[in-house]
Structures are given as structure tokens and as C-alpha cells.
**Q** 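Have a look at this one before I ask anything.
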Amino acid sequence: MARSDEAAAFFLAVYSAVREIPPGKVTTYGHIAKLVGTPQRPRQVGVCLKHLSQDPDSRHNHNNVPWQRVINSKGLISPRSQPSGARNQAAALEAEGVEVSTGSLGELSVDFSQYGWFPRSLPSEADEDDEEVDDEEDEEDGSEQ
DNA sequence: CGACTGACGGCCT
DNA sequence: AAGGCCGCCAGTC
């Protein structure tokens with residue numbers, strides 16, 4: 001399998017995983033990386049989202065991939081080169097009912113204990129796994145980090 | 001075609 | 001507790 005194919009598969013896996021994030025919840029780049037089996041490449045996850053097309057006709061675009069539900073491990077919306085983008089992400093999250101706090105430096109943060117979504121594996125996959133692991137830390141857990 | 005960059009994260013000072 | 005360094009690798013210049 002050529003690297004380019006692996007890269008393509010990676011993109012698809014990331015988009016698939018991001019789609020599993022429930023509305024009103026958020027997760028991290030690192031977690032998505034783990035879910036797709038490449039925990040050492042959270043950075044590439046960001047590249048995938050950045051690469052999302054705005055064209056609705058494209059297989060993966062801003063409309064069918066809830067990119068806004070992915071933030072960094074610090075619980076902050078990653079400040080990229082264009083500040084408006086991060087703010088736009090915050091707006092998209094608030095539209096889903098996610099509370100976003102703004103720091104004095106303009107930092108946009110989300111409380112994982114309330115909105116965090118960190119399953120061990122993708123719900124779609126868990127479906128086929130007969131060795132069902134207990135899943136019930138949707139909320140309330142509070143032992144996030 | 002080579003070098004730099006970056007929607008991150010974890011480990012090491 | 002805070003900050004710096006390295007790994008990773010597709011895109012972009």
C-alpha cells in the first residue's frame with residue numbers, strides 16, 4: 001500500500017471519527033488520532049480538518065463533518081493563523097449549546113467535564129465487537145484531564 | 001525537487 | 001508550575 005493511499009485512508013478515518021462526535025459535545029485532536037489508530041499524529045488530524053472543503057459537493061466538507069467539535073487537549077480552540085476561524089468555531093459550538101468561555105487574551109475554552117466526549121473506540125466499531133466494554137462515562141465522570 | 005510550516009501532544013528540563 | 005524540544009508527515013512556498 002503506497003503512502004499516498006495510507007494518507008487517504010487516514011483522512012477518511014479521521015472524517016469518519018469526527019462524524020461520530022455527538023452534537024453538543026467536543027473531543028480533542030489527540031483523541032481522534034487514537035481512535036483512528038495513529039496516536040502519534042494528532043497534528044495530521046488538524047491538517048485533515050484544515051483541508052476540509054467548503055464545497056457541499058465534496059465528499060467531506062464543512063457541512064457533513066462537525067469539525068468544530070474538535071479542540072486541543074488543553075480544552076482550548078486552537079488559535080490558528082486566522083483568528084476569525086477560531087472565533088467562528090466557537091460560534092458554531094455555541095450554536096449547538098456548547099458553552100465557550102473567552103479568556104482575557106481572547107482564548108476560547110470549553111469545559112471537558114461538561115462537554116467532553118472521549119470513548120475508547122468508535123461507536124460504529126463497538127457495534128461489531130461482541131466483547132462489549134462498559135460505556136457510561138458520557139458525563140458526570142469529571143475525571144477528565 | 002528541497003526546505004519550511006503547522007487546527008497537536010507528550011515528555012523532558 | 002511553566003516552558004522548551006522533539007516526533008510526525010501532508011501541504012505549501
Side-chain angles (χ1 to χ4, degrees), chain A residues 1-126 129 133-145:
Chain A
M1 179 170 196
R3 284 190 217 312
S4 57
D5 292 329
E6 287 188 48
F10 180 80
F11 268 65
L12 295 177
V14 168
Y15 295 143
S16 180
V18 173
R19 282 202 192 85
E20 302 300 331
I21 307 172
K25 294 285 183 176
V26 299
T27 192
T28 66
Y29 297 96
H31 198 80
I32 294 296
K34 287 180 183 175
L35 290 178
V36 302
T38 57
Q40 291 183 279
R41 286 155 246 187
R43 209 161 202 184
Q44 300 313 112
V45 173
V47 173
C48 293
L49 299 184
K50 178 183 180 183
H51 205 70
L52 275 174
S53 172
Q54 297 176 16
D55 181 1
D57 292 327
S58 185
R59 268 191 307 183
H60 308 289
N61 55 65
H62 281 39
N63 299 293
N64 59 28
V65 178
W67 60 277
Q68 70 270 27
R69 296 173 197 156
V70 186
I71 63 181
N72 66 30
S73 66
K74 304 185 200 76
L76 303 173
I77 293 175
S78 289
R80 60 261 189 199
S81 42
Q82 183 88 106
S84 55
R87 216 203 89 348
N88 182 29
Q89 180 171 3
L93 286 174
E94 292 185 311
E96 298 187 342
V98 176
E99 189 177 350
V100 180
S101 311
T102 304
S104 54
L105 296 173
E107 302 177 9
L108 303 167
S109 63
V110 176
D111 184 357
F112 282 140
S113 68
Q114 291 182 66
Y115 308 106
W117 183 78
F118 302 97
R120 291 148 143 270
S121 59
L122 292 173
S124 321
E125 299 178 349
D129 190 339
V133 293
D134 73 357
D135 43 80
E136 51 171 282
E137 66 304 302
D138 237 27
E139 54 195 286
E140 205 276 305
D141 183 34
S143 40
E144 261 71 30
Q145 300 191 26

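What you are looking at is a predicted structure, and each value in this text was computed from that prediction instead of being measured. Numbered from 1 within each chain, the chains take letters A, B, ... in sequence-line order. Below, all heavy atoms of this structure are taken into account, side chains as well, without hydrogens, waters or symmetry copies.
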**Q** Using a 4.5 Å cut-off on heavy atoms from C-beta on, say whether the side chain of Arg69(A) contacts that of Pro23(A).
**A**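 Yes, their side chains come closer than 4.5 Å.
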
**Q** Heavy atoms within less than 4.0 Å of DNA chain B: which residues of residues 100-111 of chain A have one? Give them sorted by number.
**A**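 Contacting residues: none.
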
**Q** Just by protein heavy atoms under 4.0 Å, how would nucleotides 6-13 of chain B read 5' to 3' in B, S and -?
**A** BBBS----

**Q** Is any side-chain heavy atom of Ile77(A) closer than 4.5 Å to a side-chain heavy atom of Leu93(A)?
**A**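 A side-chain contact under 4.5 Å exists here.
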
**Q** Determine the interplanar angle of the Trp67(A) and His62(A) rings, folded into 0 to 90°, and report it as parallel if under 30°, tilted if 30 to 60°, perpendicular if over 60°.
**A**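 Geometry flag for His62(A) against Trp67(A): tilted rings.
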
**Q** Taking side chain as C-beta onward, heavy atoms only, is Ile32(A) less than 4.5 Å from Ile21(A)?
**A**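 Touching, per the 4.5 Å side-chain cut-off.
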
**Q** Counting distance only, does the side-chain N/O of Asn61(A) pair as donor-acceptor with the main-chain N or O of Asn64(A) below 3.5 Å?
**A**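 It does hold such a pair.
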
**Q** For the side chain of Gln89(A) and the backbone of Gln68(A), is there at least one donor-acceptor N/O pair under 3.5 Å apart?
**A**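 Between the backbone of Gln68(A) and the side chain of Gln89(A) there is a qualifying donor-acceptor contact (under 3.5 Å).
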
**Q** Can you confirm whether more than 12 heavy atoms, excluding those of Arg59(A), are under 6.0 Å from its CZ atom?
**A**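 Not more than 12 within 6.0 Å, no.
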
**Q** What are the residues of residues 10-23 of chain A, sorted by number, that bring a heavy atom to within less than 4.0 Å of DNA chain C?
**A**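 Residues of residues 10-23 of chain A that come under 4.0 Å of DNA chain C are, in numerical order, Phe11(A).
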
**Q** Answer yes or no: is there a side-chain heavy-atom contact under 4.5 Å between Tyr115(A) and Val100(A)?
**A**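 SC-SC contact between Tyr115(A) and Val100(A) ruled out.
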
**Q** So do His60(A) and Leu12(A) actually touch side chain to side chain, heavy atoms under 4.5 Å?
**A**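 Yes, at least one pair of side-chain atoms sits under 4.5 Å.
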
**Q** Answer whether the closest heavy-atom distance between the side chains of Tyr15(A) and Leu52(A) falls below 4.5 Å.
**A**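 Of all side-chain heavy-atom pairs linking Leu52(A) with Tyr15(A), at least one is under 4.5 Å.
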
